[in-house]
Amino acid sequence: MSSRPYVLLSVAVSLDGYIDDASAERLVLSNEQDLARVDEVRAGVDAILVGANTVRCDNPRLVVRAPRLRERRRARGEPPDPIKVTITGSGDLDPAANFFQLGESPKIVYALTSAVPKAAERLGALADVVDAGDPLDVPGMLADLASRGVRRLMVEGGGAIHTLFLAAGFVDELHVVVAPLFVADERAPRFVNPGAFPVTERMTLAEVRQIGDCALLRYLPGAADA
Ligand SMILES: NC(=O)c1ccc[n+]([C@@H]2O[C@H](COP(=O)([O-])OP(=O)(O)OC[C@H]3O[C@@H](n4cnc5c(N)ncnc54)[C@H](OP(=O)(O)O)[C@@H]3O)[C@@H](O)[C@H]2O)c1
């Protein structure tokens, strides 16, 4: 077994690079057709990871929606939903959140050492709370996921999590869906946080696909051969 899973990072952005607006309501950037595509991608992974703030702000379900995809997973001997994974430094997560309440799969919370007691008390009955060190040991977390049989991990945001994975160089494939709108509000979250990592090398554009009014750009790390 590899020491870390294959990591697929997936994001939807506005034309000006934002992943949400600044309102309390979640801004849906992509379209129904793309949500169906994301469902298909989710159905092909062993685990999905989002940050604690996304759990709090968006209350995402993170389950496989389409019955045929759930059946396909069952036929392969897999649970119908991928494992759900989140990261917290505070332990401030609501056990009533969809993340913990929905889905036929284990939930794992990687918490900073100082947050483990709070997270375990609140979530221990619903999730496996794992001490992820302080600062968070990303390679250790990925090795732990690999040891649990996670070969493919889908990272779905938000900005802090995208930044964490990109800065650490742990992204094997990047799916960027560009939605045809501008957010134009500097209070809104961006795809990656500024200044978090130096200019990286160019990536290889592996695919461009039109999905209704959106565009999917699929990148692989490293520059294509000249
Ligand atoms: N368009 C898209 O594709 C998409 C997808 C997902 C989310 N979003 C948007 O993204 C926004 C949320 O993004 P965000 O950057 O605020 O939050 P986030 O990335 O979802 O989560 C950040 C949180 O994760 C924990 N965390 C992250 N790195 C950590 C580390 N190194 N050590 C310990 N804990 C760590 C912390 O949790 P604690 O605060 O608990 O300590 C931190 O506050 C929302 O507006 C959401 O709608 C957009």
Side-chain angles (χ1 to χ4, degrees), residues 8-31 34-35 37-39 41-42 48-62 84-95 97-100 108-123 127 129-142 154-171 174-183 185-197 211 214-218:
L8 188 164
L9 191 152
S10 173
V11 65
V13 298
S14 65
L15 279 170
D16 49 350
Y18 290 97
I19 58 171
D20 195 1
D21 60 19
S23 74
E25 291 297 304
R26 177 187 190 176
L27 174 68
V28 179
L29 285 155
S30 65
N31 53 36
D34 186 57
L35 293 175
R37 179 197 63 83
V38 170
D39 200 35
V41 177
R42 280 186 186 149
I48 300 173
L49 185 150
V50 295
N53 210 29
T54 293
V55 175
R56 288 189 291 262
C57 295
D58 295 356
N59 196 19
R61 298 161 56 90
L62 303 176
K84 295 193 219 178
V85 182
T86 191
I87 297 175
T88 181
S90 68
D92 189 9
L93 284 160
D94 183 353
N98 287 334
F99 181 96
F100 298 105
I108 308 173
V109 177
Y110 290 97
L112 289 189
T113 304
S114 57
V116 168
K118 183 176 181 182
E121 189 197 331
R122 304 191 82 179
L123 311 163
V129 176
V130 179
D131 185 339
D134 193 352
L136 184 92
D137 175 9
V138 182
M141 176 181 74
L142 292 174
M154 183 176 183
V155 174
E156 291 209 52
I161 294 298
H162 293 142
T163 305
L164 181 70
F165 275 79
L166 286 163
F170 288 140
V171 176
L174 176 57
H175 293 186
V176 181
V177 165
V178 183
L181 55 89
F182 293 92
V183 170
D185 185 340
E186 64 185 12
R187 296 167 304 164
R190 286 193 172 273
F191 174 17
V192 290
N193 295 331
F197 55 92
I211 303 176
C214 293
L216 167 67
L217 309 175
R218 198 165 63 81

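Ligands are counted one by one from 1 in listed order, and the atoms in each one are counted from 1 as well.
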Does [X] use its side chain to pair, donor to acceptor, with the backbone of [Y] at less than 3.5 Å?
X: N59; Y: A97; result: no
X: S30; Y: A12; result: no
X: D21; Y: S23; result: yes
X: K84; Y: V50; result: no
X: D16; Y: V183; result: yes

Structural part of [X] in contact with ligand 1, heavy atom criterion under 4.0 angstrom:
X: L136; answer: side chain
X: P189; answer: side chain
X: L29; answer: side chain
X: K118; answer: neither
X: H162; answer: neither

Exercise for the section: Report yes or no: does a heavy atom of D58 sit under 4.0 Å from some atom of ligand 1? Expected result: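 Within the 4.0 Å threshold, so yes.
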Taking [atom] as the reference point, the nearest protein heavy atom with its distance:
atom: atom 18 (P) of ligand 1; answer: G158 N, 3.5 Å
atom: atom 25 (C) of ligand 1; answer: I87 O, 3.3 Å
atom: atom 37 (O) of ligand 1; answer: A52 CB, 3.5 Å
atom: atom 5 (C) of ligand 1; answer: E156 O, 3.0 Å
atom: atom 45 (O) of ligand 1; answer: D20 OD2, 2.6 Å
atom: atom 20 (O) of ligand 1; answer: T54 OG1, 2.5 Å
atom: atom 33 (C) of ligand 1; answer: L112 CG, 3.7 Å
atom: atom 27 (C) of ligand 1; answer: I161 CD1, 3.7 Å

Problem - Heavy atoms of other groups near R218 CZ, more than 12 under 6.0 Å - result: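 Yes, the 6.0 Å shell around CZ holds more than 12 heavy atoms from other groups.
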Return a yes/no value for [X]: is any of its N or O atoms, backbone included, closer than 3.5 angstrom to an N or O of ligand 1?
X: I19; value: yes
X: A12; value: yes
X: N193; value: no

Practice task
Would you indicate which of V55, V38, N53 comes nearest to atom 17 (O) of ligand 1 when only heavy atoms are counted?
Solution key: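 Nearest heavy atom to atom 17 (O) of ligand 1 lies in N53.
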Handout entry: Atom indices of ligand 1, in the order listed, that fall short of 4.0 Å to a heavy atom of A160
Key =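 Checking each atom against A160, I get 15 (O), 19 (O), 22 (C).
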Exercise for the section: Mind listing the closest non-hydrogen atom pair of D92 and K118 along with its distance? Expected result: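 Minimum heavy-atom separation between D92 and K118: CB-NZ, 4.1 Å.
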Exercise for the section: Take M154 and V38, measure what side chain to side chain contact (heavy atoms under 4.5 Å, CB included) needs, and give me the verdict at the end. Expected result: CA-CA 10 Å; M154 183 176 183; V38 170; 4.0 Å; yes
